[in-house]
Colleague: 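This is the structure I want to talk about, given as C-alpha cells.
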Amino acid sequence: MTVPAEASLLNPVELFMAADWVVKAVMIGLAVASIWSWAIIIDKLFRFAALKRQADQFEKAISSGRSLEEIAHQAGPNPDPILPRMLVAAVSDWREARARQTMSEAQSHLLISRIDRALDSLIARESQRIETGLGVLSVVATSSPFIGLFGTVWGIMNAFDAIASAGNTNLTTVAPAIAEALFATAIGLAAAIPAYIAYNAFSIEAGKFAGRLESFADDLQAAIARRLGTGPATPSSSTPREL
C-alpha cells in the first residue's frame, strides 16, 4: 500500500482512495450503516412527535366533558391513532354488553377481562410498531466501532508491510499510511455514537408512551367497571368520564 507524499492527512477523499480494498469495503459499509441509522433517527423523531401530538389532542378531547361514546363515535370505526382505537374497541364491547338488558356479576367480570385482553393486544402491537428500527440502531451502535477497528488493524498491517518493503521509516512515510488506517475507526465511531444516543433516547420514549397507553387502558377498564357496578367506589382523578 502506497500513500502519495502530497496526500493530506485530513482529506477524507484522499485517505479513502489510498486505502487498501479491504479498508475501503469497511469504510463503505460503515458509511452505509451511518446513513441507514440517520434515516431511522429522522423517521423516529417525526413519528414520536406525531404520536405525542395525537395523544395530547385526544386526551384534551377526553377532558372536555364529552362522553366517551360520543368521542368514540367521532373517531370512527377504525381510527389510526392508538388511543382512539383503544377507546373504540372498549366502547364496542361495552355496547354489546349493554344490548343485553341485564348482566350477572360473572358476565360483568368476563366483559372486563375481554376488554383487558383486547387493550393489551392493541398496546403490544403498537409498542412493537413504534420500536421498529431500534434494533438496527442497536446493531450499528454496538458493532460499528469493532468493524472500524478491524479496518484499522488491517490497514496498519498493510502499512507496516509496505514500510518494511520500502525500508523507509521516516515519519513522512509512516504518518499517511497510519492515518488512512485510523480513518476507518473514526468512521466507525461516527456511525456508532449517534446510533447509540438515539437508541437509548428512543427506547426511553417508547417505554414512556407504552406506559401512557397502559394508564389509559386502566382508566377505561375502571370507567366500564364502575358502570357495571363491579369497580371501585372511589375513582382516581385521571379516570375518563363515564360512558
Colleague: Would you say Thr152's side chain and Gly148's backbone share a donor-acceptor pair under 3.5 angstrom?
Modeller: yes

Colleague: Can you measure from CD1 (Ile62) to CD1 (Ile71) and round to the nearest 0.5 angstrom?
Modeller: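 Rounded to the nearest 0.5 Å, the CD1-CD1 separation comes out at 4.0 Å.
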
Colleague: Looking at Ala181, is its backbone amide N or carbonyl O close enough to the side chain of Thr185 to form a donor-acceptor pair, meaning the two atoms are under 3.5 Å apart?
Modeller: no

Colleague: Rounded to the nearest 0.5 Å, how far apart are CD1 of Ile41 and CG of Leu45?
Modeller: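 So the gap between those two atoms works out to 7.5 Å.
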
Colleague: In the structure I gave you, are the side-chain heavy atoms of Asn78 and Val88 within less than 4.5 Å of one another anywhere?
Modeller: no

Colleague: Could you tell me how the ring of Phe202 sits relative to the ring of Phe48: parallel (under 30°), tilted (30 to 60°) or perpendicular (over 60°)?
Modeller: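 Plane angle under 30°, so parallel.
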
Colleague: I want to check something: taking the side chain as every heavy atom from C-beta on, are Val26 and Trp154 in contact at a cut-off of under 4.5 Å?
Modeller: no

Colleague: Show your working on side chain to side chain contact (heavy atoms under 4.5 Å, CB included) between Glu126 and Arg85 and close with a plain yes or no.
Modeller: CA-CA 11 Å; Glu126 183 67 12; Arg85 206 183 324 150; 3.8 Å; yes

Colleague: What I'd like to find out is whether the side chain of Ile130 reaches to under 4.5 Å of the side chain of Glu205, using heavy atoms alone.
Modeller: no

Colleague: Grab the two heavy atoms, one from Ala184 and one from Met27, that are nearest each other, plus how far apart they are.
Modeller: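 Taking Ala184 first and Met27 second, the nearest heavy atoms are N-CE, 4.0 Å.
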
Colleague: Ignoring hydrogens, what is the shortest heavy-atom contact between Leu51 and Arg129? Give both atom names and the distance.
Modeller: CD2-NH2, 4.0 Å

Colleague: According to side-chain hydrogen bond (donor to acceptor under 3.5 Å, both in side chains), does anything in residues 36-50 pair up with another residue at least two apart or in another chain? List the pairs.
Modeller: Asp43-Arg47

Colleague: Please give me the minimum heavy-atom distance between Gly188 and Ser144, naming the atom from each residue.
Modeller: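 Scanning both residues, the minimum pair turns out to be O-CB, 3.4 Å.
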
Colleague: Looking only at non-hydrogen atoms, find the nearest pair between Ala141 and Pro145 and report the distance.
Modeller: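 Closest approach of Ala141 to Pro145: O-CD, 3.6 Å.
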
Colleague: Just verifying a value: how many Å separate Ile187 CD1 and Ile147 CD1, rounded to the nearest 0.5 Å?
Modeller: 12.0 Å

Colleague: Could you tell me the separation between the CG atom of Asp116 and the CG atom of Leu220, rounded to the nearest 0.5 Å?
Modeller: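 Taking CG in Asp116 and CG in Leu220, the distance rounds to 11.0 Å.
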
Colleague: Please name all residues satisfying ring pair (Phe, Tyr, Trp, His ring centres under 6.0 Å) with Tyr196, sequence neighbours left out, ordered by chain then number.
Modeller: none

Colleague: Which Ile, Leu, Val, Met, Phe, Trp or Tyr residues join Leu110 in one cluster when any pair of side-chain heavy atoms under 4.5 Å counts as a link?
Modeller: none

Colleague: Going only through I, L, V, M, F, W and Y residues with side-chain contacts under 4.5 Å, is there a path from Ile40 to Val139?
Modeller: no

Colleague: Could you check whether Ser113 and Arg117, counting side-chain N and O atoms only, form a donor-acceptor pair closer than 3.5 Å?
Modeller: no

Colleague: What residues join Val153 in its hydrophobic cluster, counting side-chain heavy atom gaps under 4.5 Å, either direct or through other members?
Modeller: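 Direct or chained contacts put Val153 with Leu149, Met157.
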
Colleague: To the nearest 0.5 Å, tell me how far Ile156 CD1 sits from Leu182 CG.
Modeller: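 Rounded to the nearest 0.5 Å, the CD1-CG separation comes to 5.0 Å.
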
Colleague: Are Ile28 and Val22 connected in the hydrophobic side-chain network, where two residues link if heavy atoms are under 4.5 Å apart?
Modeller: yes

Colleague: If you count every heavy atom of other residues, nucleotides or ligands that lies below 6.0 Å from Tyr199 atom OH, does the total exceed 12?
Modeller: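 No, the 6.0 Å shell around OH holds no more than 12 heavy atoms from other groups.
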
Colleague: Let me see the working for Gln221 and Asp218 under side chain to side chain contact (heavy atoms under 4.5 Å, CB included), right down to the final yes or no.
Modeller: CA-CA 5 Å; Gln221 292 174 60; Asp218 291 341; 4.1 Å; yes

Colleague: Taking the side chain as C-beta and beyond, is there a heavy-atom pair between Leu134 and Ser203 under 4.5 Å?
Modeller: yes

Colleague: Hey, are the side chains of Phe183 and Val23 touching, using non-hydrogen atoms and a 4.5 Å cut-off?
Modeller: no

Colleague: If you group Ile, Leu, Val, Met, Phe, Trp and Tyr whenever their side-chain heavy atoms sit less than 4.5 Å apart, what else falls in with Ile35?
Modeller: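 Hydrophobic cluster check, Ile35: no partners found.
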
Colleague: Measuring from atom CG of Leu137 to atom OG1 of Thr142, what distance do you get when rounded to the nearest 0.5 angstrom?
Modeller: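 Going from the CG atom of Leu137 to the OG1 atom of Thr142 covers 10.5 Å.
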
Colleague: Tell me, please, which residues at least two apart from Phe209 pass ring pair (Phe, Tyr, Trp, His ring centres under 6.0 Å).
Modeller: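 Partners of Phe209 by the ring pair (Phe, Tyr, Trp, His ring centres under 6.0 Å) criterion come out as none, since no residue qualifies.
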
